[in-house]
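This report concerns only the one structure given below.
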Protein chains: 2
Amino acid sequence: MSRNKAAVDEGTAARSIVNDDGLRQFLGYHMKRAYSVLKSDLTKSLEPLGLRITTYSSLILIVDNPGIRQSELARNLDIERPNMVVILDELEQRGWVNRERVESDRRSYALFATLSGRQVCEKAITIDRAHEARLFQGLKDAQIKTLIAVLNNVERQVGE
Amino acid sequence: MSRNKAAVDEGTAARSIVNDDGLRQFLGYHMKRAYSVLKSDLTKSLEPLGLRITTYSSLILIVDNPGIRQSELARNLDIERPNMVVILDELEQRGWVNRERVESDRRSYALFATLSGRQVCEKAITIDRAHEARLFQGLKDAQIKTLIAVLNNVERQVGE
DNA sequence: GCATATTAGTTATGTCTTATAACAATTATC
DNA sequence: GATAATTGTTATAAGACATAACTAATATGC
């Protein structure tokens with residue numbers, strides 16, 4: 001009886017500390033949590049520019065690769081083509097990107113950033129750098145390098 | 001004119017290699033890509049057990065914290081309470097978790113894993129370990145430790 | 001002790017992201 | 001030259017995640 005009562009107390013007591021060692025043993029759990037806060041912080045930081053993470057990363061690739069095709073862009077960002085269309089509609093509507101018919105392959109559009117597209121991209125990059133400086137402050141360069149190496153390694157493991 | 005032509009060629013040529021240095025400078029981009037492949041790989045690995053990542057992580061916390069309340073669970077996993085209800089409905093329907101009324105606070109349910117709940121959880125953990133061993137193979141312990149430290153640091157930076 | 005506020009779980013619903021199917025136009029392949 | 005494959009597109013569906021409002025129970029302030 002007292003055994004039972006003790007067990008119930010132990011089992012049902014509200015606790016402020018929850019044992020999540022079982023989850024913390026997995027890197028995936030740490031990655032999910034870290035990426036989750038990073039994502040929402042970056043989303044908030046970019047919002048004043050009218051950019052979301054997907055439009056922002058698309059814009060960077062277009063600025064850095066003038067004339068890139070929609071399908072190439074989609075492939076590189078792991079975005080399905082139908083979803084890419086919507087993203088580019090948005091970028092084009094804002095006047096940041098132009099679709100131009102390709103003479104040599106009239107199925108494709110070549111993508112170019114406009115002047116204001118390049119300008120907003122620069123602003124976004126500045127914001128993103130500040131955002132990451134904040135989130136990764138206090139870390140040594142060696143730690144950052146290790147992080148990138150590990151993440152790239154993960155990406156590679158599944159490609160095979 | 002030839003300048004123009006050259007520029008067009010350069011601009012519109014289909015390319016196999018896309019310059020993503022602009023994106024690769026950001027840790028967030030690496031994290032997104034790495035977590036994306038990790039997530040889809042783990043989802044596939046757990047699917048035969050009838051678990052999704054959310055149900056799986058909820059189950060672990062219930063197994064490790066017998067009697068935990070729904071709201072505590074939701075808070076710890078950053079899941080909104082209404083969404084937690086659906087997850088627990090699923091776990092309960094499968095016979096892996098029981099909701100039990102708490103005598104001392106009849107608003108709450110205390111959550112307990114059943115025997116088969118604990119068994120499927122063990123299987124899932126084994127699968128998850130194999131999945132992570134695969135994804136993080138070839139990495140030194142020191143690198144893993146650094147990764148965890150960095151990720152925890154990110155989590156902490158935004159809490160403030 | 002009682003009115004008011006708060007909390008737990010729930011339902012219904014909305015939004016945002018990502019995936020799938022089908023189509024026209026164009027190009028590649030055999 | 002017939003057939004297949006590719007590009008961009010539309011429409012639609014599936015998913016995860018968020019919000020509002022409600023009931024039942026408990027906590028708080030006077």
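Proteins get letters first, then strands, A, B, ... in listed order; numbering begins at 1 in each.
- A single hydrophobic cluster is seen to contain both A/L51 and A/I125, as judged by linkage of ILVMFWY side chains at heavy-atom distances under 4.5 Å, directly or through other members.
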5' to 3', nucleotides 18-30 of chain C under a 4.0 Å protein heavy-atom cut-off (B base, S sugar-phosphate only, - none) gives BBBB---BBS---
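- A 4.5 Å side-chain heavy-atom check between B/R129 and A/F26 finds at least one atom pair inside the cut-off.
- Rounded to an integer number of Å, the gap from A/E100 CD to D/dG8 C1' is 16 Å.
- Counting only distance, with no hydrogens or angles, the side chain of A/T114 and the backbone of A/G95 share a donor-acceptor pair below 3.5 Å.
- Residue B/M84 contributes atom CE, which lies 17 Å from atom C1' of C/dT7 at whole-angstrom precision.
- In this structure, B/R52 places its CZ atom 15 Å from P of D/dA14, rounding to the nearest Å.
- Proximity of B/S108 to the phosphate of C/dA8: no side-chain N or O atom is located under 4.0 Å from OP1 or OP2.
- Within a 6.0 Å sphere centred on CD of B/Q93, heavy atoms belonging to other residues, nucleotides or ligands number 12 at most.
- Which of D/dT7, D/dT9, C/dA8 sits closest to the side chain of A/Q70 comes down to D/dT9.
- To the nearest angstrom, C1' of C/dG9 lies 11 Å from CG of B/D89.
- Regarding B/I68, its CD1 atom lies at a distance of 15 Å from the C1' atom of C/dG9, rounded to whole Å.
- The backbone N or O of A/Y109 lies less than 3.5 Å from no partner atom in the side chain of A/Q70, so there is not a single donor-acceptor pair.
- For the pair A/R75 CZ and D/dA5 P, the computed distance is 16 Å after rounding to whole Å.
- A close approach under 4.0 Å does occur between a side-chain nitrogen or oxygen of B/R99 and OP1 or OP2 of C/dT10.
- Side-chain contact between B/D64 and A/D20 is absent, with no heavy atoms from C-beta onward closer than 4.5 Å.
- B/I53 has its CD1 atom 15 Å from the C1' atom of D/dC17, to the nearest Å.
- Going from atom CG of A/L111 over to atom C1' of D/dT7 covers 12 Å, rounded to whole Å.
- A distance of 11.0 Å separates OG of A/S36 from CG of A/D41, quoted to the nearest 0.5 Å.
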